[in-house]
Amino acid sequence: MVAVGLAALDSVTVSTLDPSMPPIERYLASLDAVELIDLVLEMASTGSAAARLLESRAALATGDLSSLAEELMDAVRQATSARGFIHYRRTFEIGTEIQEVLDELEKLIERGGADAARPALLKALTATRRMTLQADDSGGVIADACQRAAHLYARSCVRGQPDEVKLGRWLLKFRKDSPGWPDTPLDMFAPAMGEKGLEVYRKGVADLDAEQAGLAHVQRFDVNRMLLELADHDGDVDAAIAVLTRDPEKLAYGDVIDRLLASGRKEDAVAWTDRAVAAERLGTIGGYGRRNGYWLDPGEVAGRYLAHGRRDDALAVLRTAFARQPSAAAYDVLGRFADGLGLGSVERAWALDEARRAAQRPHANGAPLVEISLRDGDLDAAWAAADEFGPGDAWWKLAEASRDSLPMRAVELHLRSLRPKLERANPRIYAEIATQLVELRAFYDAGGALDAFDALLRDLRETYRRRPTFLAALDKARLPGRG
């Protein structure tokens with residue numbers, strides 16, 4: 001019975017395995033060890049990627065990584081072998097090839113081969129940076145590969161055992177010679193540099209700072225960033241502030257205040273906020289000049305002042321922001337803030353008067369007033385502002401708000417917008433015009449005037465009959481206007 005059983009096991013075929021298994025799994029389960037080895041080797045011979053994957057697994061299992069490291073280095077050299085100027089179209093092919101090699105190197109890192117992958121990653125990083133300087137890489141594909149190589153190289157350093165001092169020297173030189181990319185901040189490499197590597201790097205940055213002492217702020221941007229990263233790494237807020245305030249005309253108020261708040265120094269943050277307000281570094285609300293490292297958000301400033309019992313200063317900040325650029329967003333922020341103080345109606349009335357004064361300035365229009373009125377749900381006031389000062393860019397919001405109650409007035413706004421677009425032949429905007437006409441049909445329909453819309457289309461087709469591309473755009477949008 002035992003002999004019969006062993007003979008039966010030796011003769012297992014695909015057909016006798018569990019039929020619920022996927023076909024490939026059933027097939028593989030039917031193979032013995034020798035057959036599996038032959039199959040794997042055959043598959044590895046079909047492509048370099050499969051071969052390197054097999055070599056990678058084998059090297060990690062046996063601990064012999066030397067041949068694998070050479071193989072990956074050769075792959076990087078081949079992928080980055082282009083010389084001379086690289087045309088835009090070629091960048092996609094080259095970038096894809098580099099990314100495929102980086103895929104393999106990333107897998108090697110994840111499987112414990114960080115030290116084996118590191119030399120090839122360093123080669124990929126330096127080579128791709130060189131290539132970006134000699135290519136029309138406006139698509140950014142080689143630059144993307146370069147940045148990814150930088151991240152992977154840093155990861156291989158953190159997960160492996162690089163020479164700390166050499167790494168510190170390399171990072172200093174790499175950043176010193178950098179054309180501005182890829183981004184290699186200190187925090188990517190600091191965990192791998194250790195105290196010795198960090199000390200070498202720190203001394204090099206200090207020397208570089210001394211060399212560039214007389215240069216303008218824009219020329220010292222990189223070394224200032226390196227100094228700031230060191231200060232943040234050390235948790236030295238005062239040193240960071242010293243870097244951020246080196247150039248009186250480029251004071252990074254936002255960055256200074258962020259660091260003070262993060263370290264719990266609230267009173268100092270308020271003092272710096274006062275300096276920023278005095279220097280007119282308040283951004284706008286809902287427009288250009290929003291909060292960043294150099295400009296402060298008016299809403300944040302108002303909240304900070306209110307927390308310190310400075311109600312009048314808080315309201316003054318929001319009024320200043322509104323007066324600089326009246327908008328529905330600024331009106332909303334000011335109104336909601338004032339509501340909390342029981343002054344909502346007073347501040348909203350002031351804002352409406354200020355928006356009206358702004359609309360009377362040269363080259364201004366009533367767009368802010370229109371949007372504010374719509375925000376308040378006052379369609380009549382919105383139309384009054386549009387009639388008096390012009391709707392500006394807010395015309396389409398006014399049109400949408402008037403679709404049901406005043407559809408034919410909304411039609412006038414659309415037509416006023418269409419006419420300038422048709423003055424000159426411009427095939428690039430014909431699809432946009434056709435889309436707007438489709439939208440316009442809904443307004444004519446709401447006003448019970450589809451016959452007028454058909455007449456409009458017929459007139460357009462007759463007027464611009466010598467613009468076949470325009471007529472084709474109308475046809476594509478199913479806007480016949482015939483008959």
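All residue numbers in this chain count up from 1 along the given sequence.
Atom CD of Glu280 is surrounded by 12 or fewer heavy atoms from other residues, nucleotides or ligands within 6.0 Å. Heavy atoms from other residues, nucleotides or ligands lying under 6.0 Å from CG of Asp177 number more than 12. Annotation for Lys166: atom NZ does not count as buried by contact number, only 12 or fewer foreign heavy atoms lying within 6.0 Å. Surrounding CD of Glu93 are at most 12 heavy atoms belonging to other residues, nucleotides or ligands under 6.0 Å away.
Taken to the nearest 0.5 Å, the CG atom of Asp207 stands 9.0 Å off from the NZ atom of Lys176. Once rounded to the nearest 0.5 Å, the distance linking CG of Leu398 with OG of Ser373 reads 9.5 Å. Atoms CE and CH2, on Met193 and Trp170 in that order, are 10.0 Å from each other to the nearest 0.5 Å. For the atom pair CZ (Phe322) and CD1 (Ile285), the distance works out to 9.5 Å, reported to the nearest 0.5 Å. In this structure, the separation between CG on Leu251 and CG on Leu244 is 9.0 Å, given to the nearest 0.5 Å. Atom CE of Met73 and atom CG of Leu121 lie 9.0 Å apart (nearest 0.5 Å).
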Would Thr80 and Val101 count as a side-chain contact (heavy atoms from CB on, under 4.5 Å) if you check the C-alpha gap in whole Å, the side-chain angles of each, and the deciding distance to 0.1 Å? CA-CA 10 Å; Thr80 59; Val101 180; over 6 Å; no

Where do His414 and Trp396 land on the ring-ring contact (aromatic ring centres under 6.0 Å, His included) test, with the steps shown first? CA-CA 8 Å; His414 271 280; Trp396 64 273; 9.8 Å; no

Between Ser405 and Leu379, does a side-chain contact (heavy atoms from CB on, under 4.5 Å) hold up when you go through it step by step? CA-CA 10 Å; Ser405 57; Leu379 186 59; 3.3 Å; yes

Checking ring-ring contact (aromatic ring centres under 6.0 Å, His included) for the pair Trp295/Tyr253: CA distance, chi angles, key distance, verdict? CA-CA 7 Å; Trp295 295 82; Tyr253 292 101; 9.2 Å; no

Go through it in stages, so that I can follow the logic: the residues are Arg275 and Arg281, the test is side-chain contact (heavy atoms from CB on, under 4.5 Å), and I'd like the CA-CA distance, side-chain angles, deciding distance and then a yes or no. CA-CA 9 Å; Arg275 291 180 62 177; Arg281 286 294 184 89; over 6 Å; no

Trace of the side-chain contact (heavy atoms from CB on, under 4.5 Å) decision for Ile257 with Arg304: CA-CA 11 Å; Ile257 292 168; Arg304 192 172 302 133; 3.8 Å; yes

Pair Arg319, Asp312 - check salt bridge (Lys or Arg N to Asp or Glu O under 4.0 Å), show working. CA-CA 10 Å; Arg319 280 191 170 198; Asp312 291 343; over 6 Å; no

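Between Leu102 and Val76, the closest side-chain pair of non-hydrogen atoms is not below 4.5 Å. Taking 4.5 Å as the limit, every side-chain heavy atom of Leu306 sits out of range of all side-chain heavy atoms of Leu315. A 4.5 Å side-chain heavy-atom check between His233 and Leu198 finds at least one atom pair inside the cut-off. Between Tyr201 and Leu186 the shortest side-chain heavy-atom distance falls below 4.5 Å. Residues Arg83 and Gln134 fail the side-chain proximity criterion, which asks for heavy atoms closer than 4.5 Å. With a 4.5 Å cut-off on side-chain heavy atoms, Val438 and Thr435 do not count as touching. Counting only heavy atoms from C-beta outward, the side chains of Ile429 and Asn426 approach each other to under 4.5 Å. In this structure, the side chains of Val237 and Val256 stay at 4.5 Å or more apart for every pair of heavy atoms.
Electrostatic pairing of Asp234 and Arg202 counts as a salt bridge here, judged by a charged N lying under 4.0 Å from a carboxylate O. At a threshold of 4.0 Å, the pair Glu400-Arg403 counts as salt-bridged, since one of the basic side-chain nitrogens sits closer than that to a carboxylate oxygen. Look at Arg77 and Glu71 and you find no salt bridge, because none of the NZ, NE, NH1 or NH2 atoms lies under 4.0 Å from a carboxylate O. Salt-bridge formation is detected for the pair Asp238/Arg265: a Lys NZ or Arg NE/NH1/NH2 atom is positioned less than 4.0 Å from an Asp or Glu carboxylate oxygen. For the pair Asp339 and Arg348, the salt-bridge criterion is met [side-chain N within less than 4.0 Å of a carboxylate O]. Taking the charged nitrogens against the carboxylate oxygens, Asp313 and Arg310 do have a contact shorter than 4.0 Å, which makes a salt bridge. Salt-bridge annotation for Asp103 and Lys107: absent, with no side-chain N of the basic residue lying under 4.0 Å from a carboxylate O of the acidic one. A salt bridge is defined here as a Lys NZ or Arg NE, NH1 or NH2 lying under 4.0 Å from an Asp or Glu carboxylate O, and Glu354 with Arg357 meets this definition. Using a 4.0 Å cut-off between a side-chain N of Lys or Arg and a carboxylate O of Asp or Glu, Arg225 and Asp222 do not qualify as a salt bridge. A salt bridge does not link Lys123 with Asp74: every distance from a Lys NZ or Arg NE/NH1/NH2 to an Asp or Glu carboxylate oxygen is 4.0 Å or more. Using a 4.0 Å cut-off between a side-chain N of Lys or Arg and a carboxylate O of Asp or Glu, Arg336 and Glu347 do not qualify as a salt bridge. Ion pair Arg259/Asp232 flagged as a salt bridge, since at least one NZ, NE, NH1 or NH2 atom sits closer than 4.0 Å to an Asp/Glu carboxylate oxygen.
Of all non-hydrogen atoms in Ile109 and Leu152, the two that sit nearest each other are CD1-O, 3.6 Å. Across all non-hydrogen atoms, the minimal contact from Pro298 to Leu282 is CA-CD2, 4.4 Å. Across all their heavy atoms, Ala192 and Glu164 have their closest contact at O-CG, 3.6 Å. Closest heavy-atom contact between Ala364 and Ala359: CB-O, 3.8 Å. Smallest separation of non-hydrogen atoms from Tyr294 and Lys250: CE2-O, 3.2 Å. Residues Gly392 and Ala367 approach most closely at CA-CB, 4.3 Å, considering heavy atoms.
Using modelled atom types, no side-chain atom of Asp136 and backbone atom of His87 make a donor-acceptor pair closer than 3.5 Å. The closest donor-acceptor contact from the side chain of Asp236 to the backbone of Ala240 lies at 3.5 Å or more, if one exists at all. Checking side-chain atoms of Gln219 against main-chain N and O of Ala216 turns up a donor-acceptor pair under 3.5 Å. The main-chain N or O of Arg175 is never found under 3.5 Å from a side-chain atom of Ser178 such that the two would form a donor-acceptor pair.
Judged by distance alone, the side chains of Tyr153 and Arg148 never bring a donor and an acceptor atom under 3.5 Å apart. Residues His151 and Gln147 have side chains that bring a donor and an acceptor to within less than 3.5 angstrom of each other. Counting only N and O atoms by type, the side chains of Tyr305 and Asp274 include a donor and acceptor under 3.5 Å apart. For Ser402 and Trp383, the side-chain atoms include at least one donor-acceptor pair closer than 3.5 Å.
Between Phe92 and Tyr88, the ring planes lie perpendicular to each other; the angle is over 60°, past the 30° to 60° tilted range.
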